[in-house]
Amino acid sequence: MAADKQNEAKVSIMDENKENLPDGGLGLEILQIIKESQQQHGLRHGDYQRYRGYCSRRLRRLRKTLGFKMGNRHKFIGKKVTVDMLSDSRYLLLVLMEAERAWSYAMQLKQEANTEPRKRFHLLARLRKAAKHSEKLEKLCESPQVDAKTKLEAQAYTAYLSGMVEFELQKWKRAMEAFNKCKTIYEKLASAFTEELAVLYRQRVDEISPNIRYCAYNIGDQNAINDLMQMRLTGGGGGMMAEKLEALITQARTKQAATMSEVEWRGRTVPVKIDKARIFLLGLADNEAAIAQAANEETKEHLYETLLAECRDTIQAVREELKIEAKQRERSSDADSGKVSNLQFLHSYLTYIKLCTLVKRNESMAHTLQGKLKEPETDESKRGPRPQDLIRLYDIILQSLAELSTLQGLEDDHIFQKEVSLKTLVYKAYRCFFIAQSYVLVKKWSEALVLYERVLKYAKEVQSKAKSLNNSLKDLPDVQELIAKVNAEKYSLQAAAILDTDETAEIPSQQQAKDNTPLCDRLETFRLDPALVGKQPNLVQFPPDFQPIPCKPLFFDLALNHVAFPPLDDKVEQKGKGGLTGYIKGIFGFGS
């Protein structure tokens, strides 16, 4: 409550700044004031009662500030704001808050009228009251003391509330005229002022557009239904229009349901005699197309929920007919109990649609979470997505596939059973992958490594079985991409396990290296060896063992013993023939 009062004080200060006097006239930013007040006081969450209480407190403060009291605590004396009192723009704000209070009460009653239809009469009375206050505001703004922009905003506001009244009374032509007038004024204002104000005006135009198209459709414009369907894809037409749009779509499908008599599935033609089933099956293709064209994940999730709700209601209607058929079979003596009846096969078909939609929805959610897992965490105080969240989604998918394999009438359809089995293997592989990633986060390296190997086993099994079923992997996640991702994660895990010295004491002894084989001799085998990051890692054996090598060959010259050399006597100098004379000549150099 204290926070609400602080916000109200802030809004009051902001409004005093907006209640300016441009060109000597009174000014009031009508649309900006009501939008900010609504967003800050409950309408962001659809709490109209809270906003109504805020409007009442705001009115009380304004009356007290302006001295505009309605009598005293003993007697009520009604007063009206007149043109002569317009010395302050807060008198215009007073009338605006009265209109907003009546409008918020009407919207609160509209929410309650879903369970209590009698409140619709009170709703219409409060809407008329809001329109009456807006007309009073418009008349006050016709005074020459008020600037031109405020006059235009007052006219647009009056046209909007008048259109709401006519819309609830289902007077489509008058409602369309009022909404078109409102739209035209806001479009002109958006083109004449700054971008900040233009955004507010365009938002109001976007809110009004679904109402205009809905009125056009009810008047007789058949092309408007296409525009409404497109707005449904983009998430437009929220609030009051959402229920009417769904009712309109159901009404259009009901008109087409008379032309539908049977449906074919898995090679069997089944007559469709239940109107609810006809309407659902006619809109199935449109719903699937709408989901495929959804602008964002929020809209896609809403469309999935709508489709599942319709499917559950249809299955319930068929189940009621099955009970009646079972009683008739009990009375009949010649009933063929071995063959699945057409109604039972239709029930299986609708259950198949529901389960397949569940699988697609959870797969879409898983894809979104996978994208968020890759993003870095910006705010540490907020809990981001974790692999455990994805494990839960894949558990639901596997449960849905298990139910698919047990549908009545499809026990002997071997192709269908093989397709379900193949899809189960794919999602088992993905589930196993995220379980491994959750183990990596808590540094359980061995368990994660074993699970990665299991993922590769599942993926290879899928690839081997998919050769016989060509179209089965068309709508499934890419298995080849998963294999590449697992290989990368596996090597990263092995490196992290080796470098993680803090947890080596907790590693079981059987997971550690049991022999003294050095690392260079077991490079192809991964083992958790704490010694590798210690002071004495066993990388290579040193000194290395001796190894036998071939010796240097010895050469023996055996041929020399058998070689006959030529005589060299004639070339050898004969000693003693010169005598003393030769000796003397040799001394003095005569013999040279």
Side-chain angles (χ1 to χ4, degrees), residues 15 18-20 22-23 25-39 43 51 55 81 83 86 89 91-104 106-107 126-169 171-216 236-241:
D15 292 343
K18 292 167 190 166
E19 294 152 11
N20 46 21
D23 301 330
L26 296 174
L28 190 68
E29 302 282 353
I30 294 177
L31 185 61
Q32 191 170 358
I33 288 173
I34 63 177
K35 279 294 181 183
E36 289 178 357
S37 300
Q38 289 173 0
Q39 289 297 311
L43 261 64
Y51 181 59
C55 293
V81 180
V83 177
L86 295 182
S89 60
Y91 284 104
L92 297 176
L93 184 61
L94 188 70
V95 182
L96 177 63
M97 285 294 107
E98 287 179 343
E100 281 292 290
R101 180 176 65 174
W103 172 82
S104 59
M107 294 299 102
R126 298 314 300 176
L127 264 184
R128 290 191 184 99
K129 188 77 171 178
K132 185 178 179 181
H133 284 305
S134 67
E135 290 171 1
K136 186 194 300 184
L137 176 64
E138 184 182 358
K139 287 181 181 179
L140 290 173
C141 290
E142 291 175 357
S143 168
Q145 301 176 22
V146 181
D147 65 349
K149 179 185 175 184
T150 306
K151 290 179 181 178
L152 285 174
E153 285 207 43
Q155 291 175 11
Y157 184 66
T158 303
Y160 175 73
L161 289 180
S162 301
M164 294 282 285
V165 174
E166 303 298 340
F167 193 90
E168 284 297 322
L169 293 172
K171 296 179 180 179
W172 309 116
K173 189 173 182 179
R174 295 172 64 177
M176 187 174 175
E177 291 173 357
F179 284 136
N180 276 326
K181 179 183 177 181
C182 177
K183 180 182 177 182
T184 303
I185 294 173
Y186 281 131
E187 284 177 345
K188 295 294 183 183
L189 288 171
S191 62
F193 290 94
T194 62
E195 185 63 27
E196 183 180 356
L197 289 174
V199 169
L200 282 174
Y201 296 136
R202 293 192 194 102
Q203 285 178 354
R204 176 66 90 175
V205 170
D206 292 339
E207 291 175 10
I208 297 169
S209 297
N211 296 357
I212 295 174
R213 286 177 172 82
Y214 188 82
C215 293
M240 182 176 66
M241 271 300 299

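Computed from a prediction, not measured in an experiment: that's the story for all the values here.
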| remark: The side chain to side chain donor-acceptor pair (under 3.5 Å) partners of Glu153 (sequence neighbours excluded) come to Tyr201

| Is the shortest heavy-atom distance from the side chain of Leu197 to the side chain of Leu189 under 4.5 Å? | no

| query | Do Lys35 and Glu29 meet the salt-bridge criterion of a basic N to acidic O distance under 4.0 Å? | reply | no

| From Ile185 atom CD1 to Lys188 atom NZ, the distance as rounded to the nearest 0.5 Å | 11.0 Å

| remark: Closest non-hydrogen contact found for Met164 with Phe179 is N-CZ, 3.7 Å

| request: List the atom of Cys141, the atom of Leu92, and the distance in Å for their closest heavy-atom pair. | output: SG-CD2, 4.2 Å

| said: Any salt bridge linking Glu135 with Lys132? Criterion: basic side-chain nitrogen under 4.0 Å from a carboxylate oxygen. | reply: no

| field | Side-chain touch Tyr186/Tyr160, heavy atoms, less than 4.5 angstrom | value | no

| field | Passing candidate, side chain to side chain contact (heavy atoms under 4.5 Å, CB included) with Leu137, options Leu93, Thr150, Val95 | value | Val95

| message | Checking Glu207 against Arg204 for the salt bridge (Lys or Arg N to Asp or Glu O under 4.0 Å) test, could you report, in this order, the C-alpha distance in whole Å, the side-chain angles of both residues, the deciding distance, and whether it holds? | response | CA-CA 5 Å; Glu207 291 175 10; Arg204 176 66 90 175; 3.6 Å; yes

| remark: Here the gap from Lys139 atom NZ to Thr158 atom OG1, rounded to the nearest 0.5 Å, amounts to 10.0 Å

| request: Check for a donor-acceptor pair, side chain of Ser143 on one end and backbone N or O of Leu140 on the other, with a separation under 3.5 Å. | output: no

| message | With a 3.5 Å distance limit and no angle check, can you tell me whether Ser134 reaches the backbone of Ala131 through a side-chain donor-acceptor pair? | response | yes

| field | Salt bridge present between Glu98 and Lys129 (N-O < 4.0 angstrom) | value | no

| said: Counting C-beta onward and ignoring hydrogens, is there a side-chain heavy-atom pair between Tyr91 and Leu26 closer than 4.5 Å? | reply: no

